Protein chains: 2
Amino acid sequence: MTRPAPGGEPMALAAAHLRAAGLRVTVQRMAVLAAVSESAGHLDADALRERARRVTGALSLQATYNVLRALTEAGLVRCTQIPGHPARYEVEHRDNHHHFVCLRCAAIRDVECTVGAAPCMEPRLPAEYEVREAAVTFWGVCPDCRGARPDTSSM
Amino acid sequence: MTRPAPGGEPMALAAAHLRAAGLRVTVQRMAVLAAVSESAGHLDADALRERARRVTGALSLQATYNVLRALTEAGLVRCTQIPGHPARYEVEHRDNHHHFVCLRCAAIRDVECTVGAAPCMEPRLPAEYEVREAAVTFWGVCPDCRGARPDTSSM
DNA sequence: TCCATAATCTTGACTGACTCCACAAAAGGC
DNA sequence: GCCTTTTGTGGAGTCAGTCAAGATTATGGA
């Protein structure tokens, strides 16, 4: 039996990532980062807090937000804000992918870039505008929701 | 002197639009719709309420939200939700344009479609996904902000 | 023109997501 | 191991938006 700590390897990995990013290594940060990594992505702050608590025991909501902001600023985590829903977090892969959001269940699914590596990065704007990022969000209905209820909504 | 009502022609126009959309014509609705039309677009509910109040005198925030929802559902107004900012409204032109958002001052500017009429509408998703809309948001720095402060932020 | 009725507006309380603040706790360099 | 600085905690507060109930008002028919 060689389980060093609750959370095991993901925690060690998280610690390494934190250190590499020049962040202080705390139980809370490891736990939250591990939670983001382990989930398939797209969990909100509260869900991540719940998961992290399995390791830390207690974890304030404030701390969760602090950690997530630190991780986001360090480039370890990507924050996806979908209008009308709490912000969700996923591991930063730097692949510039986009998102499909289900209008019914609000599920999020990653979508590969439609065109090349940085799609739609050539808006028709005067040169003075400095474009740094393009976020594409596809709105629609996911297979699960289509199956459950053919199509009642018209929006 | 033939000024029929405070607000004048825009109000009459708004009334006509409301009637055409099958909505009841109320002072509040005319005032809000006129406010959306007169502004260059991209005002939030509170700003629109302020403008509408010049005509209606009093107007509750709740009524403003009700009216904006009715107008949006009727297809007269388009609601643009930028993560981290209150929802903003503009007249629906059905031209499928997108938005540029300044990271510093949060100003919004319309952007013509990058490719054809419905850009990026071909995400690499299984056929079971029903895509209804694609929203493209460009994040960057507007000319005003670049001029005022060369470039201090790195985000 | 008046009236009945259903849609709309007002007021006030409430929710959810997130932030601010001050103090306590802990990480990491010496 | 000590000390400085960064982090985390708990509680109050903010902001955008919603819910609910009763008062008003637009609209179609008599």
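Below, chain A is the first sequence line, B the second, and so on; all start at residue 1. What you are looking at is a predicted structure, and each value in this text was computed from that prediction instead of being measured. Atom set for the values below is all heavy atoms of this structure, side chains included, hydrogens, waters and symmetry mates excluded.
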Problem - Close side-chain approach of B/L33 and B/L13, heavy atoms under 4.5 Å - result: no
Practice task
Check whether any side-chain N or O of A/R104 sits under 3.5 Å from a backbone N or O of A/V141 as a donor-acceptor pair, and report yes or no.
Solution key: no
Fill in the blank from the handout: Hits for side chain to side chain donor-acceptor pair (under 3.5 Å) against B/N66, two or more places apart or cross-chain, chain-then-number order -> B/Q62
Validation: residues 19-26 of chain B side-chain donor-acceptor distances under 3.5 Å, sequence neighbours left out:
from  : atom 1 : to    : atom 2 : distance (Å)
B/T26 : OG1    : B/R29 : N      : 3.1

Completion exercise
Sorted by chain and number, sequence neighbours left out, ring pair (Phe, Tyr, Trp, His ring centres under 6.0 Å) with B/H17 holds for none
Handout entry: Euclidean distance, atom CZ of residue B/R53 to atom C1' of C/dC9 [Å, nearest integer]
Key = 14 Å
Polar-atom pairs under 3.5 Å, protein N or O versus N or O of nucleotides 14-17 of chain C: list them with distances, or write none.
none

Problem - Separation of D/dT9 C1' from A/L59 CG (nearest whole Å) - result: 10 Å
Exercise for the section: Can you tell me the distance, in whole Å, between the OH atom of B/Y89 and the P atom of D/dA16? Expected result: 12 Å
Handout entry: Interatomic distance where CD belongs to B/Q28 and P belongs to D/dA23 [whole Å]
Key = 18 Å
I'd like a list of close polar pairs between nucleotides 26-30 of chain C and the protein, N/O only, cut-off under 3.5 Å.
from   : atom 1 : to    : atom 2 : distance (Å)
C/dA27 : N3     : A/R24 : NH1    : 3.2
C/dG28 : OP1    : A/V25 : N      : 3.0

Exercise for the section: On DNA chain D, check which nucleotide each of B/L61 and A/S60 is closest to and give me the residue with the more 5' one. Expected result: A/S60
Fill in the blank from the handout: B/M30 CE to C/dC9 C1', in whole Å, measures 14 Å
Practice task
Output all residues satisfying side chain to side chain contact (heavy atoms under 4.5 Å, CB included) with B/V91, sequence neighbours left out; order by chain, then residue number.
Solution key: B/V36, B/S37, B/H93
Practice task
Would you classify B/A70 as touching base, sugar-phosphate or nothing, given that sugar-phosphate means primed atoms plus P, OP1 and OP2, and contacts are heavy atoms under 4.0 Å?
Solution key: nothing
Handout entry: Stepwise side chain to side chain contact (heavy atoms under 4.5 Å, CB included) test for B/R88 and B/H99
Key = CA-CA 12 Å; B/R88 308 200 212 177; B/H99 295 101; over 6 Å; no
Exercise for the section: Respond yes when some side-chain nitrogen or oxygen of A/R69 is under 4.0 Å from OP1 or OP2 of C/dC18, and no when none is. Expected result: no
Problem - Between D/dT18 (P) and B/D46 (CG): distance, integer Å - result: 14 Å
Problem - Electrostatic pair B/R146-A/E130, nearest N-O below 4.0 angstrom - result: yes
Handout entry: A/T56 side chain reached by A/M30 side chain, heavy atoms, under 4.5 Å
Key = no
